[in-house]
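These notes concern the structure reproduced below.
Model, not experiment: these values are computed from the prediction. Reckoned from all heavy atoms, side chains included, excluding hydrogens, waters and symmetry mates.
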Amino acid sequence: MNSKTTRRLTAVAAVLTVGVLAGCQDTGQVPGGGSAATPTSSPSKAPSGGSTDDPDGPHTETAPPGAVASARRLTLEGLKSASHPAMCGNPAGQLKDGEATYGRGSVTVNAPGSPDYNPQAAPTRVDLDGDGQDELVAEFSCDAGGVTWPSVVVVYREGWFVQDSFSLGQLPEYQGKTMTKGRIDSWYREENDLVMSWLTAESGPVPNVQWTGRVMATPEGGFRIAQVTGGETPSATESDLPDPAHTDDSNREPEPTDPATPDESETAEATPPGE
């Protein structure tokens, strides 16, 4: 083969090579059956929280947003598994079916289904701070393995965050007296306050000292029992008795005469003269 023929074949081969490479760029295919990546292409991604169509690919299960929001709402059912602050020597923790145990100690929320449930002090929603969103107020009873301590009032805000808590055994209005017992008798909403009445015991096993007050918001963002009155036992006191100087005797029946006590006139007649 002469040099002229060789040069001609080389030129034809070069033209064919250029054509093949141009075709590969147009179709995205390369010799050998692979694919050519282009600078502008990017891998596809499944939507966040979803799954890919490939059964062997990554798969992530997430709760629907509505379910998460529902679990964080202030409901009676949610309260039974809510967190609680430290109380009665027990650490802060999580309720299960409305109760929690720590060694010999226990914590119980006053809600339907709990032992000694008091419906007059059932968990109550009230907008204590006036921000347009209700808080939930619940009474907790607790002990450290023996007798029940004074109840603890816990205020939750949306999401089951503990906003504040306070014990019925520790109020400034007790003026230094220690209340070893204390249970909510009843409460009710009045505008942005929760009006409550409760009983405590300064001594002995039975709460018998009556109190009333209001759960109100504080400027610091917490809550407290304010406008506390009471401190008297339910039994009659000296101030409850009628004042003899202002007693109306006009309609009073005459006192019956004791037949065992002789009348003075009968005694005088029966006495012989001179004796």
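- A donor-acceptor pair is defined here as one N or O able to donate and one able to accept, closer than 3.5 Å; such a pair exists between the side chain of Glu139 and the backbone of Ile184.
- Considering only heavy atoms from C-beta on, Tyr174 comes within 4.5 Å of Thr200 through its side chain.
- Atom OG1 in Thr212 sits 11.0 Å away from atom CG in Asp185 (nearest 0.5 Å).
- Side chains of Trp160 and Leu74 form a contact here, defined as non-hydrogen atoms less than 4.5 Å apart.
- Taking every heavy atom of both residues into account, Cys142 and Pro150 meet most closely at SG-O, 4.4 Å.
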Report task. Apply the test side-chain hydrogen bond (donor to acceptor under 3.5 Å, both in side chains) to residues Thr218 and Arg224: give CA-CA distance (whole Å), side-chain angles for both, the deciding distance (0.1 Å), then the verdict. Result -> CA-CA 7 Å; Thr218 65; Arg224 65 187 180 95; over 6 Å; no
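- Using a 4.5 Å heavy-atom threshold, the side chains of Leu168 and Met179 count as separate.
- With hydrogens and angles ignored, the 3.5 Å screen pairs a side-chain donor or acceptor of Ser114 with a backbone N or O of Val109.
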**Report entry** Pair Ser83-Gln94, side-chain hydrogen bond (donor to acceptor under 3.5 Å, both in side chains): steps then yes or no
**Finding:** CA-CA 4 Å; Ser83 59; Gln94 194 88 15; 5.0 Å; no
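- Interatomic distance, Glu158 CD to Gln133 CD, rounded to the nearest 0.5 Å: 5.0 Å.
- Put simply, the side chain of Asn208 does not reach to within 4.5 Å of the side chain of Leu199, judged on heavy atoms.
- Closest approach of Cys88 to Ala144, counting heavy atoms only: O-CB, 3.6 Å.
- Although no hydrogens or angles enter the test, the distance criterion places no donor-acceptor pair under 3.5 Å between the side chain of Tyr188 and the main chain of Gln120.
- With values rounded to the nearest 0.5 angstrom, Asp129 atom CG is found 12.5 Å from Met216 atom CE.
- The closest side-chain heavy-atom distance from Thr108 to Pro115 is below 4.5 Å.
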Query - Residue pair Leu194, Thr124: steps toward the side-chain contact (heavy atoms from CB on, under 4.5 Å) verdict - result: CA-CA 9 Å; Leu194 185 65; Thr124 301; 4.2 Å; yes
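- Contact of the Val153 side chain with the Trp198 side chain is not registered, since no non-hydrogen atoms from C-beta on lie closer than 4.5 Å.
- Listed for the Trp187 side chain is a donor-acceptor partner under 3.5 Å among the backbone atoms of Ala122.
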Report task. For the pair Lys80 and Lys96, evaluate side-chain contact (heavy atoms from CB on, under 4.5 Å) and give the outcome as yes or no after the intermediate values. Result -> CA-CA 6 Å; Lys80 293 180 180 180; Lys96 182 177 180 181; over 6 Å; no
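- Interatomic distance, CZ of Arg73 versus CG of Leu136, reported as 14.0 Å (0.5 Å rounding).
- Side-chain contact between Thr229 and Glu173 is absent, with no heavy atoms from C-beta onward closer than 4.5 Å.
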Query raised in the report: Should Trp211 and Ser197 be marked as a side-chain hydrogen bond (donor to acceptor under 3.5 Å, both in side chains) after you check the CA-CA gap, both sets of side-chain angles, and the distance that decides it?
Result: CA-CA 6 Å; Trp211 303 87; Ser197 62; over 6 Å; no
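- Between His84 and Phe161, the gap from one ring centroid to the other reaches at least 6.0 Å.
- Counting only distance, with no hydrogens or angles, the side chain of Arg214 and the backbone of Ile225 share no donor-acceptor pair below 3.5 Å.
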Requested in this report: Show your working on side-chain hydrogen bond (donor to acceptor under 3.5 Å, both in side chains) between Thr148 and Asp143 and close with a plain yes or no.
Outcome: CA-CA 5 Å; Thr148 302; Asp143 64 77; 5.0 Å; no
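- Across all their heavy atoms, Asp127 and Gly132 have their closest contact at OD2-N, 2.8 Å.
- One distance of note links CG of Asp134 with CG of Leu128; it measures 8.5 Å at 0.5 Å rounding.
- A 4.5 Å side-chain heavy-atom check between Tyr117 and Pro112 finds at least one atom pair inside the cut-off.
- Under a hydrophobic clustering in which Ile, Leu, Val, Met, Phe, Trp and Tyr are joined whenever their side-chain heavy atoms come within less than 4.5 Å, directly or via other members, Val137 and Val228 fall into the same cluster.
- Here the closest non-hydrogen pair linking Asn110 and Pro123 is O-CD, 3.1 Å.
- What you find for Val107 and Phe140 is that their closest heavy atoms are CG1-CD2, 3.6 Å.
- In this structure, the separation between CZ on Phe223 and CD on Glu135 is 4.5 Å, given to the nearest 0.5 Å.
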